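This report refers to the structure that appears directly beneath it.
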Amino acid sequence: MAIIKDICTVIRVKKIADSIFEMVLEGRIADEVENPGQFIHIRVTEGNAPLLRRPVSIAAVDKKNHRLTIIFRSGGQGTLLLSRKVPGETLDILGPLGNGFPVDKVDSGGTAILAGGGIGVPPLYGLGLKLREQGVKVISVLGFQTAESVFYQDEFASLGETYIATVDGTSGTKGFVTDVLNERGFEADILYTCGPLPMLRALEAGDYARETYLSMEERMGCGIGACFACVCRKKDDPNGHSYKKVCSDGPVFKAGEVLI
Amino acid sequence: MNRLQVELPGLTLKNPIMPASGCFGFGREFSKLYDIGQLGAIMIKAATLEPRFGNPTPRVAETPGGMLNAIGLQNPGVEKIMAEELPWLQQFDVPIIANIAGSTVEDYVSVAEKISAAPNVHALELNISCPNVKTGGIAFGTDATTAMELTRKVKAASAVPVYVKLSPNVTDIVEIAKAVEMGGADGITMINTLLGMRIDLQSGEPLLANRTGGLSGPAIKPVAIRMVYEVSRNVSIPIIGMGGVASAEDALEFLYAGASAVAVGTQNFVDPFACPSIIEELPRLLDRLGLSTVKECIGRSWKSNEPIAHHCP
Ligand SMILES: Cc1cc2nc3c(=O)[nH]c(=O)nc-3n(C[C@H](O)[C@H](O)[C@H](O)COP(=O)(O)OP(=O)(O)OC[C@H]3O[C@@H](n4cnc5c(N)ncnc54)[C@H](O)[C@@H]3O)c2cc1C
Ligand SMILES: Cc1cc2nc3c(=O)[nH]c(=O)nc-3n(C[C@H](O)[C@H](O)[C@H](O)COP(=O)(O)O)c2cc1C
Ligand code: FES
């Protein structure tokens, strides 16, 4: 696998929920993708504002057509500019970055839980596709703020049992992803998760599967491991000098590896 | 003749472009993207006597045309850098400029002594300008006498030429520059980041965990240019200029201001291929402006007001 910088073409941009956009990109980076959960670093403007690239997870990859799908929430300056791109426009993208989710930790016939929160849901979709391909049973539990922000429910449903939780109860279970998990008590070999820190902490602390892998977010500079912007501490050395870089050692870590 | 070549104390540079300290790690990541042997030099991440974890995150925040960082000099310590990073860098035909930092004079002296002995370290960059650590760093760079004393001691301990990295967070940068020249500095590198802050509107708290951070990127270029211009006219040691360099044009502007070579920091994050792109573009830019060598550009803004002679390359 190589990290490359490529000028990708925007194929499609679609609003799929409140402030949530799905974008399909075409370029050579798709050829280099190795694992679900890897991300790309997007330069949203050729100008100076915003200056830094934006890290966004790869939600799905279509190697045959050299295409990537990303899903992002338009909030700040960078993602707003991104949401306004139209088909045919190009984007300067660096990637694929990071290690992604290990897909070889669960055997065919095993069960995996995908637990996603809000904008942490996208990389789990590509992961689900891959796991299904390998004959793994997939149970998806996805948490959102409210019914309007729910996305990809049907896509996940096509992978297997899918449960929605919303904070305000307007769709699915009222509450959090952990409420669904506690209520249902699934038996699973492995749990993969991506989402807000409180959710990651709750899932790490809970006993929901034999093994848990979580995908982290941190503010980034370079995205390739050179600037030390994105470090987190290791759990076995909370006050020492050991560290992991979210961009290059992560963004996916085994539960218990880093301090969250 | 190599029209891009420049000579500085301890350094024969095949071109005047190098990555700035802290923006390139120890080169490993970038070596996977391009041949880092084509760089004029490499300024490696600051080395301290002991390993440092640095500051809590978030460590970066953005501003229009720039970024704030508060990494806090995270590094594995001089021993490990000498055991693992410098030997690895020896495979490339590139002079290394080792950035050194410390909390006390003794720290600096000790790191200088050790790291200057590495065969590929051709110069030291004495970092007296890091705004992101509680002790040391910038404290040595804002007072002329302190800066001169430290320079003298490090110079005495170092086996290679010493460049002092100046902070822009001072009232009179020329005064500090003259002081380090008196202290025996072989050259000056400038500028380090400008101390800044951003506040989150929702939480009301500073965006950076360290509260303040150093501003870098295109936003600081005019400040850097002005300072290089002033300092270069008042000292006789060469300057490696930096601050917001994103293109060959920016690099030339620094040369014109009085720098003899140019470092690229933040732009490595915006475009990881920034350094090789600038190196590739530089000869074309010289051609377009009718200039034959980099050397003749140095200090042009104040050395002569005559029109440039038009040579054929
Ligand atoms: C590995 C990784 C994968 C990600 N995947 C996705 C995804 O699939 N979909 C999605 O919507 N978002 C994702 N994010 C978050 C995304 O990077 C931010 O939403 C985005 O950078 C915000 O930019 P902005 O200009 O709109 O916001 P602003 O708040 O204006 O951004 C200001 C600065 O903070 C940084 N920043 C803000 N929020 C975050 C954050 N949550 N994580 C890291 N940096 C942040 C920005 O990059 C920028 O440098 C991911 C983040 C990481 C680290
Ligand atoms: C993330 C980051 C880390 C840095 N680390 C160091 C460092 O370790 N030592 C140092 O002397 N300067 C450090 N700097 C300052 C740069 O070397 C440079 O002086 C400054 O960023 C201005 O150049 P630029 O605008 O091209 O980035 C750092 C800058 C950034 C952005
Ligand atoms: S973002 Fe630069 S090291 Fe991770």
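What's counted below: heavy atoms across the whole structure, side chains too, no hydrogens, waters or symmetry copies. What you are looking at is a predicted structure, and each value in this text was computed from that prediction instead of being measured. Here is how names work: the chains are called A, B, and so on, in the same order as the sequence lines, proteins then strands, and each is numbered from 1.
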Taking CD in B:E249 as the centre, count heavy atoms belonging to other residues, nucleotides or ligands within less than 6.0 Å. Is the count above 12?
yes
Any idea which of B:N69, B:T63, B:L33, B:I71 has the most non-hydrogen atom pairs under 4.5 angstrom with chain A?
B:I71
Around B:R211, counting heavy atoms of other residues, nucleotides and ligands shown, do more than 12 lie under 6.0 Å from its CZ?
no
Between A:L94 and B:P272, the two heavy atoms sitting closest are CD1-CG, 3.6 Å
So does B:K80 have more than 12 non-hydrogen atoms from other groups sitting under 6.0 Å from NZ?
no
Largest heavy-atom contact set with chain B, pairs under 4.5 Å, which of A:A2, A:A229, A:G47
A:A229
Given a strict heavy-atom distance threshold of 4.5 Å, which part of A:L52 is in contact with chain B: side chain, backbone, both, or neither?
both
What residue, out of B:T266, B:N268, B:V60, has the most heavy-atom pairs lying under 4.5 Å from chain A?
B:V60
From A:N48 CG over to B:Q267 CD, what is the distance, rounded to the nearest 0.5 angstrom?
7.5 Å
Where the side chain of B:E62 meets the backbone of A:P50, is there a donor-acceptor pair that is under 3.5 Å apart?
no
Using a 4.5 angstrom heavy-atom cutoff, name the option from B:G217, B:G54, B:P76, B:G66 with the most pairs to chain A.
B:G66
Among A:R43, A:R53, A:K5, exactly one meets side-chain hydrogen bond (donor to acceptor under 3.5 Å, both in side chains) together with B:D271. Which residue is that?
A:K5
Just wondering, more than 12 heavy atoms not from A:D104 lying within 6.0 Å of its CG?
yes
Whatever's closer than 4.5 Å to a heavy atom in chain A on B:F26 counts as neither
Checking A:S248 against chain B: side chain, backbone, both or neither under 4.5 Å from a heavy atom?
neither
Determine the option with the most heavy-atom pairs under 4.5 angstrom with chain B, choosing from A:A49, A:C232, A:G225.
A:G225
Which bit of B:N75 comes within less than 4.5 Å of chain A, counting heavy atoms only: side chain, backbone, both or neither?
neither
Counting distance only, does the side-chain N/O of A:R219 pair as donor-acceptor with the main-chain N or O of B:T57 below 3.5 Å?
no
Can you tell me how far CZ of A:F228 sits from CZ of B:R59, rounded to the nearest 0.5 angstrom?
8.5 Å
Please rank B:F269, B:F53, B:F24, B:F273 by heavy-atom pairs under 4.5 Å with chain A and give me the top one.
B:F53
